[in-house]
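Reminder, nothing fancy here: chain letters follow the sequence lines and each chain counts from 1.
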2 protein chains.
Amino acid sequence: MNSTTSPDLRALDLSETANCACFNVRKTARSITQYYASFLANSPLKETQFSILSVLTQTEPLPIGKLAEILLMERTTLTRNLKPLILRDFISISPGKDKRSRLVSLTNTGSKAFAETLPQWQKAQKNLIAKFGKVKWALLRKQLTTLQSLTIDPM
Amino acid sequence: MNSTTSPDLRALDLSETANCACFNVRKTARSITQYYASFLANSPLKETQFSILSVLTQTEPLPIGKLAEILLMERTTLTRNLKPLILRDFISISPGKDKRSRLVSLTNTGSKAFAETLPQWQKAQKNLIAKFGKVKWALLRKQLTTLQSLTIDPM
DNA sequence: AATAATTAGGTGTAAATACACTCGGTTGAT
DNA sequence: ATCAACCGAGTGTATTTACACCTAATTATT
C-alpha cells in the first residue's frame with residue numbers, strides 16, 4: 001500500500017487552484033489595501049478605521065453588533081478594531097438602554113480625524129475609479145455584493 | 001474660528017464612502033474567506049495555507065521572495081505565514097545557491113495535507129461558482145486582476 | 001415565579017497583514 | 001582590492017481577522 005509516498009500532485013492543474021475565488025479576492029484585497037494605504041500614509045486613520053468612522057458619521061450612536069452587521073465584519077473582530085480608536089479618543093463607548101448592549105459614538109476628535117483623512121481617501125478613490133472606469137466599477141461592485149450574499153450562510 | 005467644533009459630516013453623502021473600492025473588496029474578502037473556511041473546517045489547512053501549498057505543488061523549490069511575488073503577498077507577511085507550516089512539517093526551508101536566499105519546499109507531510117484539503121476546497125469552489133455563474137466568474141476574475149495591476153505601484 | 005433559551009458583548013488564542021528597520025551577502029564602480 | 005549600492009530575508013510592532021468559549025442580561029416557556 002505504500003502509505004508513506006506523497007501523492008503525485010503535479011498531475012493536478014494549477015489553473016484549477018489558481019482559479020480559487022477566495023485566493024483571487026484576497027489577493028485583490030491585499031493589493032487594493034496597500035494602494036489606499038499609500039494615500040492615507042500621513043492621515044490619522046487606516047483604511048478599516050476610516051470605514052468604521054464613515055458609518056458612524058451618518059448613524060450614531062450604534063450598538064456594536066449593529067455596526068458589525070453594517071460593516072459585514074465579525075462582531076469580535078470589530079471589538080478588537082475599536083480598541084485603537086478608543087485609545088486615541090476617536091470614538092467613545094456608552095451603555096445602551098439594554099444593559100447588555102454598548103453604544104459606539106464618534107467623538108469630536110474622531111470627527112476631525114475623519115475630516116482630515118477624507119481628502120486623501122477621495123484622491124485614492126477618484127484616481128482608481130478614473131483608471132478602472134466608473135461604469136465598470138459600478139458593475140464590479142454589484143458583482144462583489146452578489147458574491148457576498150452567496151457566501152453568507154452557505155450551508 | 002471655533003477650532004474646537006467638530007466638522008459637520010452629516011452633510012457628506014454616505015454613498016460616497018460606501019462606494020469605497022477598498023472597503024467593498026475587503027468586505028467581500030471577509031465574507032468569501034468565511035465561506036471557504038466553513039468547507040475547510042475539518043481540513044489540515046486554512047485557505048491561505050492552501051494557496052501557498054498549491055503553488056508549491058507545481059513549482060518547487062522556490063525562494064521566499066519569488067513565492068511572495070506569485071502570491072502577491074508582502075514578503076514579510078509570507079515569512080510569518082510560513083511559520084505554522086514549518087512547525088507542522090508541511091514545508092521545509094533549505095539554503096539556496098545564493099547564500100542570502102532560502103528555498104521553500106513541500107514535504108511529504110505537506111503533500112498529504114494538501115491532497116486531504118483539495119476535495120473540500122473543490123466542493124467550496126464548485127458550489128460557489130455554480131451559484132455565481134461560470135462565465136460571470138471568469139469575467140469578474142479578469143476584472144479583479146485589472147484592479148490588482150492598477151493598484152500596484154500607483155505612484 | 002422559576003427556569004430555559006436567547007441575545008449582546010468580551011477574551012484566549014492563533015493566523016494574516018504590512019511597514020520600518022536591521023543584517024549579511026552580492027554586485028558594481030572606482 | 002575596496003567600498004558603495006543593492007538585494008534577500010528576518011524581527012519589532014501594530015492592526016485585522018475570526019473561532020471557541022465565557023458572562024451577564026433579557027425573553028420565552030412552563
Tell me which donor-acceptor pairs under 3.5 Å the side chains of residues 71-78 of chain A have, and how far apart each pair is, sequence neighbours excluded?
residue	atom	partner	partner atom	Å
A/Glu74	OE1	A/Thr76	OG1	3.2

For the pair made of CG in A/Leu67 and P in C/dA8, what is the distance, rounded to whole Å?
14 Å
Just wondering, are more than 12 heavy atoms of other shown residues or ligands nearer than 6.0 Å to NZ in A/Lys136?
yes
Shortest non-hydrogen pair, A/Cys20 vs B/Trp121, comes out as SG-NE1, 3.1 Å
First and last nucleotide of DNA chain D in contact with chain B, 5' to 3', at under 4.0 Å to a heavy atom: what are they?
D/dC7 to D/dC19
Listed partners of A/Thr28 passing side-chain hydrogen bond (donor to acceptor under 3.5 Å, both in side chains), at least two apart
B/Gln148
Pairs under 3.5 Å (N/O, protein and nucleotides 24-26 of chain C):
residue	atom	partner	partner atom	Å
C/dG25	N2	B/Arg100	NH1	2.9
C/dT26	OP1	B/Lys99	N	3.2

Is it the case that the side chains of A/Ser31 and B/Thr151 hold a donor-acceptor pair, with the cut-off being a distance below 3.5 Å and no angle test?
yes
Could you check B/Arg88 against B/Thr109 for side-chain hydrogen bond (donor to acceptor under 3.5 Å, both in side chains), going step by step and ending with a plain yes or no?
CA-CA 9 Å; B/Arg88 287 193 280 164; B/Thr109 317; over 6 Å; no
Hey, can you tell me if B/Phe132 and B/Trp137 have their rings parallel, tilted or perpendicular (30° and 60° cut-offs)?
perpendicular
Consider only side-chain N and O atoms of B/Gln120 and B/Tyr36, and report whether a donor and an acceptor are under 3.5 Å apart.
no
At under 4.0 Å between heavy atoms, how does the protein contact nucleotides 13-23 of chain C? Give one character per nucleotide, 5' to 3', with B, S or -.
B-SSBBBB---
Can a donor-acceptor pair be found between the side chains of A/Glu16 and B/Gln122 at a distance below 3.5 Å?
yes
Got a list of protein N/O to nucleotides 2-4 of chain C N/O distances below 3.5 Å?
none

So, taking the atom named CG in B/Leu53 and the one named CD in B/Gln49, what distance separates them when rounded to the nearest 0.5 Å?
7.5 Å
In terms of hydrophobic clusters joined by side-chain contacts under 4.5 Å, are B/Leu82 and B/Leu103 together?
no
ILVMFWY cluster, B/Leu139 and B/Leu144 together (side-chain gap under 4.5 Å):
no
